[in-house]
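Here is how names work: the chains are called A, B, and so on, in the same order as the sequence lines, proteins then strands, and each is numbered from 1.
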Number of protein chains: 2
Amino acid sequence: MLSKKTKYGIKALVHLAKKEDRVPVQISSISKAENISQKFLESILLTLKKNGILGSKKGKGGGYYLLKDPKEIPMTSIMRLLEGPIAMVPCVSLNFYEKCDDCPDENACAVHNIMIKVRDNTLEIFRNTSLADLSHP
Amino acid sequence: MLSKKTKYGIKALVHLAKKEDRVPVQISSISKAENISQKFLESILLTLKKNGILGSKKGKGGGYYLLKDPKEIPMTSIMRLLEGPIAMVPCVSLNFYEKCDDCPDENACAVHNIMIKVRDNTLEIFRNTSLADLSHP
DNA sequence: CCATTAACCTATAGACTTAGTAGGGTAAAT
DNA sequence: ATTTACCCTACTAAGTCTATAGGTTAATGG
């Protein structure tokens, strides 16, 4: 299940991508338009900023804006940043790998093998979908 | 992320599917072979029994056994039973649908639309994978 | 018929995560 | 100087996950 954090984060990014110019948008503005708790959204936008997706400007007329072209922001980055691993099991995760305690041999594990398939499939979708694709469906 | 409940459940089912005959296998036996806490496994097998996947026999020589041919048990059933929805968001779930509080129009929602893609892809894999496929890789 | 075996059932608890809330501090425009 | 809005820390209520404990019921063997 996708966390609300990720869901809200994506919605906010799409909101920003839909603006043609790069004029800063205020948190309160996004929060109202997308029905997201302002304080919660604040923390989400902050992590997006710290990870190089968003820029911000303080003071009057300030707000958040995209640092890159929406075409250059793939879903994989957004998901890994907000949600964490894309794989359903840590032992098949590319970026967040962890060995299973109970599994003596990964290659012989039925769960492992099918979850690799699922991961590859999901990854393919996320790799081929950018923020730009999300913004004009 | 896949819960341990689901993971253990799949492992136990594969374990049973690998036995050629339908002789009952005891919880303790599966628990040892698969490195699963016995009591936890007990509750998992019980829900599999209540939902028509497994049969059981009490007393000496008792245990759990598959009720159907492994070919006839698709991953979709196992996943929905143990893990719940296959979709990443309730608003794109076929069997566990729920409307989002924050979303005025599902069809206009970017998250909704990409998650439908992911769901369809994952579903295709799970539909075309049976317990038999898991058991001889 | 009685002892043994193993499934069945209920309750509970510790650890962890989620989805926020509260409340202020800091920097930059005007 | 004052407004505006970003930035940060801490906390918490609720829920889920992963079990554990302990007793009950039913089948089998002698």
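- Residues meeting the side-chain hydrogen bond (donor to acceptor under 3.5 Å, both in side chains) test with A:D102, sequence neighbours left out: B:K7, B:K11.
- Between the C1' atom of D:dC6 and the CG atom of A:L41 lies a distance of 12 Å, rounded to the nearest Å.
- For the ring-ring contact (aromatic ring centres under 6.0 Å, His included) condition, the pairs that include at least one residue of residues 15-54 of chain A, sequence neighbours left out, are A:Y8-A:F40.
- Residues from residues 86-97 of chain B lying near DNA chain D, meaning a heavy-atom separation below 4.0 Å, are absent.
- No hydrogens or angles considered: a donor-acceptor pair under 3.5 Å links the side chains of A:K49 and A:S56.
- In this structure B:T6 satisfies the side-chain hydrogen bond (donor to acceptor under 3.5 Å, both in side chains) test together with B:S3, B:E83, sequence neighbours excluded.
- The residue A:K7 sits apart from the nucleic acid: no heavy atom pair falls under 4.0 Å.
- Heavy atoms of A:L45 sit nowhere under 4.0 angstrom from any nucleic acid atom.
- Rounded to an integer number of Å, the gap from OH of A:Y65 to P of D:dA5 is 16 Å.
- For residues 22-31 of chain B, no residue pair satisfies the side chain to side chain donor-acceptor pair (under 3.5 Å) rule, not counting sequence neighbours.
- Residues that satisfy the salt bridge (Lys or Arg N to Asp or Glu O under 4.0 Å) test with A:D69, not counting sequence neighbours, are absent from this structure.
- Among the atoms of the strands shown, none is found under 4.0 Å from any heavy atom of A:G61.
- Within the structure, no pair that satisfies the ring-ring contact (aromatic ring centres under 6.0 Å, His included) test touches residues 96-133 of chain A, not counting sequence neighbours.
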**Request:** Quick one: do A:V111 and B:L134 satisfy side-chain contact (heavy atoms from CB on, under 4.5 Å)? Show the steps, please.
**Result:** CA-CA 8 Å; A:V111 177; B:L134 289 187; over 6 Å; no
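- Listed by first then second residue, pairs satisfying ring-ring contact (aromatic ring centres under 6.0 Å, His included) with a partner in residues 51-73 of chain B number zero, not counting sequence neighbours.
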**Request:** Between protein and nucleotides 17-27 of chain D, map the contacts as a letter string: B base, S sugar-phosphate only, - none, heavy atoms under 4.0 Å, written 5' to 3'.
**Result:** -SBBBB--BSB
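- Residues satisfying the side-chain hydrogen bond (donor to acceptor under 3.5 Å, both in side chains) criterion with A:E124, sequence neighbours excluded, are absent altogether.
- For B:E42, the salt bridge (Lys or Arg N to Asp or Glu O under 4.0 Å) partners are B:K39, not counting sequence neighbours.
- Nucleotides of DNA chain C lying under 4.0 Å from heavy atoms of chain B occupy a range whose first and last members, 5' to 3', are C:dT5 to C:dC9.
- Rounded to whole Å, atom P of D:dC7 lies 12 Å from atom CG of A:L48.
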